[in-house]
Structure formats: C-alpha cells, structure tokens
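So the structure is just underneath, and the comments pick up after that.
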Amino acid sequence: MAKKLDLNKTVFELTQEYPELIQIMAGLGFTEITKAPMLHSVGKVMTIPKGAKMKHISMMDVATTLMGHGFELVGDMPDMTASAAKPETKPEQEDHASDARTEQLKSYLKRLGEGDSLENVRADFVREFGDVEASEIMQAEQELMKEGTPLTEVQKLCDIHSALFHGATKEEKIANAEKEVEASVLRKKAQEELAKQKAFPKKDYANKNAMAAALEEITGHPLYTLTKENHALSELIKKYRETGDASLISEIREISIHYAKKGDLLYPVLKVRYGVSGPSDVMWTVDDEIRDEIGRLAKENEHNEEWKKQVDAVLTRAEEMIYKEQNILFPICAVNFTDDEWHGIYQDSKDYAVCFGVAQETWEDAERAAAAAPAGPEGDIVMPGGALTLEQLTALLNTIPMEITFVDADNINRYFNENEGPKVFKRPAMALGREVFSCHPPKIEPMVRQIIDDFRNNRRDVVPVWMEKGGHAMLVRYMAVRDKSGKYLGTVELVQDMEFAKEHFLGEKA
C-alpha cells in the first residue's frame, strides 16, 4: 500500500511520520535535513516544494525519487516546469529595463541582509516600487540565492514583502505576500487563457440547457448514460442519508468510474478543441478530491461521529458536482461537441466498468457510423528488421503484455495498443491526435511536461515510476525514443503489471 506524503505539510512533520525520509531527502541534496537543529527550526516552516526551490533542486527529481520509494504524493503539486522554463525572447531594450528593475530590487534585499532597518528600506521601496508584483520580488530573491546567499539569510529576505502588505505580525505579512505571489501568477495565467480563447469561434449558449436535455433523451448517448449515473448516485446518497447504512459507501465509491469518464472524455475535448478550460482546471481537481476522500472514508473501520460528519461533507460536495454537471458541464458540451465527437466518446465509453448499476445502452446512430467507417490501408510495412502486414504488426503490439502509448516530438498522442483486459490507464481513441498534456489532470500535468522536456533536451532517457494500482505492483516507464543519430522522435509510455514477478521471487524465497 502506498505511503501518502502530503506536500502541504512541513518537512519536520513529514520526517516525524516517515523517518526514512531524512536519508532519502539528504541523498537528493537536502543535506541540512540531517542536522537536528535545522530540522527542528527551519524544518518546521519549510515544505519540500519550497525547500527544492531554495536549493535549486528539480522537483521532477524529488517527485520521481519519492514515488520510487513507495510514496504517493498528495496535496498541492508544485509547478515542475518552472525551473526548466526558458524566458521568452524580448526586445533588447525591454531586457535591460527588466534587468535593471531586478537589480534595484536586489539592492533593497541586500540592504536588509546587511542590517539596514526595515523602516528605511520600506520608505525607499514604496516610493520606487509601488506597482511591483510580488512575483518580481520572488525572482530577485532567487537570483540572490544563486549568488550564494546563505539559507540562514532567507528569512531576512522575506521581510521586504512587508513593505507591500499589512499584517499584525511578521508571519502574517509573509503569509500575505505568498498569497499575492500566487495571485499574480494566476492573473498571468488568466491573461494567457483569455488570449487563447480569442482564437476559437464564439458559440451561442442561449439554448444550452435545451440542447443538453435533448441529447440526454437519446438512448445510449453519452449524456444519456452520464445523466442516468447521476440519478443513480443521487438515489444512493439519499438512501445513505435516510438509513445511515455505512455499507452504501462502497457503492458510492464507484463515483471514481463516473469521474474518470469525465476526465478522459469530456474535459480534454472542451479545453483543447474549444478553448473552454474552466471545467478542466476546476472541476477535474474537485473530482479528484471527492474521489480520494470517499476512498479514504470507505477504508475506515471506526464509524464514529467524526467519520459520519466527514462522510456528510464529502457527499454534499458530490451532490454539488451533480448539479454542476447537469447545469454547467453537460450544456457546455452540448453546444460545442460535434456528432463525430459524440460518436467517439460513445465508443471510448465502452472501455469503462459499469457504475451504480447503469449499463451502457446501444446508441444506434453511433453504431451505424462506426460500421460505415472506411477500412485501413493494406500491404506490408517494411522495416530494417523485416516486413509485416498491418494485421500482423497490430496483433504483435497487442500481444505484448504492456500498455503502450507513443507521443510524437510535437507532444501529440499518436498510438495506443489494444491489449485485452481492463486497462490501468484508460486511453480513449478520442485522445489520438491531441496533445498528451490534455489527458492528465492539472495536478499531474507539470510532471508530464517536465519529463518530456528532459527527454527532448537530452537530460534523461528514461523515468521509471513504481506504484500500486488495484492491489497490484505496477511499473510505468517513460522512455525517450530517438533515431540512430540521437534525434528526439517522441516518448513511449510502457505500463506493466509486475505482480507476476513479485509472486515469482517471493515464491522462490519461501
């Protein structure tokens, strides 16, 4: 069973929970963690992501190492692409202005570090930088640390934030400054999203609810099935509230299947093809939180009053999500999606387990469209090692006991094999031809981006990740695909059930 490591907790809290973390983190470069005074002081206010940023240690390395030691990362995932991101090209004049601004900010920070009073620095700072973004201050701090500013001085640097923010105590001022950094990043992201949306055609949402209602009436249509699942879930929640029967939580837990369908089949299409990113950025994260909380509560043995209170809270969130799906998500999809897209979603839905007892019914229109689809090309595929027909090559790839995904050099999903049986990771055909990043929830996307960026720039060739899934030990390997000259062609993901190896070696040991 994976050990949950909450990235929102302090380093001190985590090492108390998992003492083995001290040596793991020291091996990554967090050498101060082995010193008890540092662990019991700085460690009580420092989180792993913040420590990695200060030490300039790749969070990609941290995350993969921790997962390799059996940890499941929870909490707020940091931006793993920030350290590797290259600054956008700007005109020379703008570059000089930006550099001068950063240098001036650094001069204020240095004055604090050299002992100048905060009030003196505050007065000069506010006069010159009344419109500064907190993220600019953060950048100046990072540059000072690159120049060798000791870790013990970092706390002093944070004082400059109080020149902009109010608070009764130093801790409150710093906390407010951190919030402003996040806010400035969000503002920038919002501006980028608005710019993207201008590239998409405007849609008329006046009749969105009527359009969704019409699709929900078509037997077998994806919205017909998803709506039936919501009705069944509502009944289960109602039954639990009336009876208090804890055994119903295991049935309600099937919500994970319903949410997986939304995450794989609806959110990415809205975001990538129509520029509607809200559901992907917000609902997807809430789905994950609800699913994880219900899963945790289902495993609890003691059903005391606190447990019941937590169950009631998460079921309320699930009911709110039902409302949002029926009144926001489904109508948006109804306005945007084409018949062909709905047909593809219908076909991909067949790969998911039944949830809440709602079996997928036949959608005649989609079945007729599939029957009329043109056949693939014929003839041999000639390779350096021999030649195979398309039928032979397809069957060969499907026989390999792994789930195979190939993403090309432009980050586009190009191929999934179709080995039989339940898939560890669902790979809908609708995702082919789409950017791989759209297939991952917001929390995981930064990690995927960093892996591919490392492959593209020859920093890595393979990233192995061990995990437990459905009670089975799984190995997921991401590997760079290169030609003979070393040119990057893409990334392959190999998902392999390693339970057989565990049983073999444990059996031999016994």
Side-chain angles (χ1 to χ4, degrees), residues 193-194 196-231 257-287 321-352 355 358-374 412-413 416 426-442 445:
E193 289 296 328
L194 286 172
K196 286 180 184 176
Q197 287 183 12
K198 291 179 181 178
F200 295 93
K202 298 295 182 184
K203 294 294 182 102
D204 182 5
Y205 288 93
N207 296 317
K208 64 182 186 298
N209 290 322
M211 293 174 70
L215 296 179
E216 289 164 12
E217 293 296 319
I218 300 173
T219 301
H221 189 282
L223 289 190
Y224 170 90
T225 305
L226 290 168
T227 297
K228 285 189 70 173
E229 290 172 359
N230 273 339
H231 290 161
I257 302 169
H258 179 84
Y259 286 172
K261 287 198 278 189
K262 286 196 299 172
D264 294 340
L265 307 178
L266 301 186
Y267 295 149
V269 179
L270 277 177
K271 183 173 183 177
V272 174
R273 298 188 181 179
Y274 300 101
V276 181
S277 60
S280 175
D281 292 344
V282 180
M283 287 188 182
W284 205 342
T285 300
V286 175
D287 288 348
M321 183 55 71
I322 291 173
Y323 178 86
K324 291 173 184 175
E325 288 177 22
Q326 298 295 149
N327 294 278
I328 301 173
L329 177 62
F330 296 170
I332 291 175
C333 292
V335 169
N336 287 283
F337 292 178
T338 65
D339 288 343
D340 284 345
E341 286 167 339
W342 283 124
H343 292 163
I345 292 168
Y346 165 78
Q347 297 296 345
D348 285 331
S349 296
K350 295 178 181 180
D351 194 34
Y352 294 78
C355 65
V358 180
Q360 179 167 321
E361 299 181 46
T362 301
W363 182 17
E364 297 293 349
D365 187 52
E367 294 293 347
R368 283 193 295 270
I412 303 299
N413 292 316
F416 306 138
K426 303 300 182 192
R427 295 166 299 161
M430 286 284 290
L432 292 172
R434 235 173 36 211
E435 263 203 331
V436 64
F437 310 124
S438 69
C439 304
H440 296 83
E445 183 181 332

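Keep in mind the model is a prediction, meaning the values are calculated, not measured.
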Contacts of E435 meeting salt bridge (Lys or Arg N to Asp or Glu O under 4.0 Å) (sequence neighbours excluded), chain-then-number -> none
Quick one: pull up OG1 in T219 and CH2 in W363 and give me the separation to the nearest 0.5 Å. 11.5 Å
Show, in sequence, the C-alpha distance, side-chain angles and deciding distance for H258 and E325, and conclude whether the side chain to side chain donor-acceptor pair (under 3.5 Å) test is met. CA-CA 11 Å; H258 179 84; E325 288 177 22; 2.8 Å; yes
Any salt bridge (Lys or Arg N to Asp or Glu O under 4.0 Å) pairs touching residues 208-230, not counting sequence neighbours? K228-E361, E229-K261
Rounded to the nearest 0.5 Å, what's the gap from CD1 on I328 to CG on N209? Could you check? 10.0 Å
Which residues satisfy the side chain to side chain donor-acceptor pair (under 3.5 Å) test with Y259, sequence neighbours excluded? none
At their closest point, which heavy atom of G220 faces which heavy atom of Y346, and how far apart are they? O-CD1, 3.3 Å
Could you tell me which non-hydrogen atom of L265 sits nearest to which non-hydrogen atom of S349, and how far apart they are? CD1-OG, 3.5 Å
All heavy atoms of M321 vs all of M283, minimum pair found to be CE-O, 4.0 Å
Going by side chain to side chain donor-acceptor pair (under 3.5 Å), name the residues that satisfy it together with D348, two or more places apart in sequence or in a different chain. none
Side chains of E367 and T362 in contact at under 4.5 Å (non-hydrogen atoms): yes
Report the distance from atom CG of L215 to atom OG1 of T227, rounding to the nearest 0.5 Å. 9.5 Å
Passes side chain to side chain contact (heavy atoms under 4.5 Å, CB included), V269 versus R434? Steps please. CA-CA 9 Å; V269 179; R434 235 173 36 211; 3.4 Å; yes
Output the distance between atom CG (L226) and atom CG (L329), rounded to the nearest 0.5 Å. 8.5 Å
Show every donor-acceptor pair shorter than 3.5 Å between a side-chain atom in residues 330-345 and any protein atom, with sequence neighbours excluded, or say none if there are none.
residue	atom	partner	partner atom	Å
N336	ND2	Y205	OH	3.1
N336	ND2	I332	O	2.8
T338	OG1	E341	N	3.1
T338	OG1	E341	OE1	3.4
E341	OE1	Y274	OH	2.7
E341	OE1	T338	N	2.9
E341	OE2	R273	NH1	2.9
E341	OE2	Y274	OH	3.0
H343	ND1	D339	O	3.4
H343	NE2	D365	OD2	2.9

Supply the atom-to-atom distance L223 CG to N230 CG, rounded to the nearest 0.5 angstrom. 10.5 Å
Can you list the residues that meet the side chain to side chain donor-acceptor pair (under 3.5 Å) rule with Y267, with sequence neighbours excluded? K262, D287
